[in-house]
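Presented below is the structure to which this report refers.
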Amino acid sequence: MSDRSMLVLSAHPGDFVWRCGGAIAVAVARGDRVVIGCMSFGERGESASLWLKGYDLDQVKAHRRDEAERAAAALGAEIRFYDRGDYPLVETPELTHELVTLFRELQPAVVLTHAPRDPYNPDHATAHTIAMRARVYAQAPGVQAPGDVIGAPPVFCFEPHQPEQCGFMPDVLLDVTEGWERKLAAMEVMGAQSHLVTYYTELGRRRGTQAARNSGPNLGLPHDVVAEAYQRVFPQVTKELA
Ligand SMILES: [Zn+2]
């Protein structure tokens, strides 16, 4: 077990599975602690199959909560629910404060969240704004919340469902081959959105091909690598360029 931790801030339960389940599984395999902050249950916007079955709101939320808990367990991560509702997810001072508290408790080495734009689901952009604001506030000694102020953990935006329309330009391709079995297991838990398993399996292979293409002979990635794409918010800080 390392003393490093990763914080994943997800608008809905599916997002942390489809978009960054591999990164979570790889971090867990390395011995890092991973905590997922799930802002809503995606009960209105991402649970169509349950509404079509005749579930009511409470049943939909309970079902999505159960799926999210089982998916997080499959990935080896902890999960905390904030139950702020979706369509719309709304930024409130109370939610920001709770997330500042989470940042300070966890002291994450890295943060994963949504990209800043998504015309298909405005909750994703809102979740990005909330996550970024909570991170900045958690850095400020003048902001009153439990725990010590945090440093400057890098933020990686995970890949939206239709990246081009979101202006998403990957600048990191993460080899998640080692975590792929766990990601597959987590995806298979998401019964309310089971149509997406094939899509995200194919995307992982495509991003893996791109990772191998971009890695050069020095890294020597095998050609059957599976990958996830990310976009950094802040500059990479390093003493070596390669
Ligand atoms: Zn979502």
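Just the heavy atoms: all of them, side chains too, but no hydrogens, waters or symmetry mates, feed the values below. Positions are given from 1 along the sequence. In each ligand, atom 1 is the first atom listed, and ligand 1 is the first ligand listed. Keep in mind that this is a model prediction, so the values were computed, not measured.
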Worksheet item: Above 12 or not: heavy atoms from other molecules or residues under 6.0 Å from CZ of Arg213?
Response: no
Discussion item. Would you say the Zn ion (ligand 1) has Asp15 as a near neighbour, meaning an N/O/S atom of that residue under 2.8 Å away?
Written reply: yes
Worksheet item: Among the N, O or S atoms that Glu46 has, which is closest to the Zn ion (ligand 1)?
Response: OE2
Fill in: Evaluation steps, side chain to side chain contact (heavy atoms under 4.5 Å, CB included), between Val35 and Leu102
CA-CA 9 Å; Val35 175; Leu102 179 59; 4.2 Å; yes
Discussion item. For a distance under 2.8 Å, tell me if His114 has an N/O/S atom near the Zn ion (ligand 1).
Written reply: no
Discussion item. Taking the ring of His124 and the ring of His161, is the distance between their centroids below 6.0 Å?
Written reply: no
Item to complete: Using only heavy-atom distances, determine whether the side chains of His63 and Gln59 contain a donor-acceptor pair under 3.5 Å.
Response: no
Worksheet item: Which is the closest N/O/S atom of His12 when seen from the Zn ion (ligand 1)?
Response: ND1
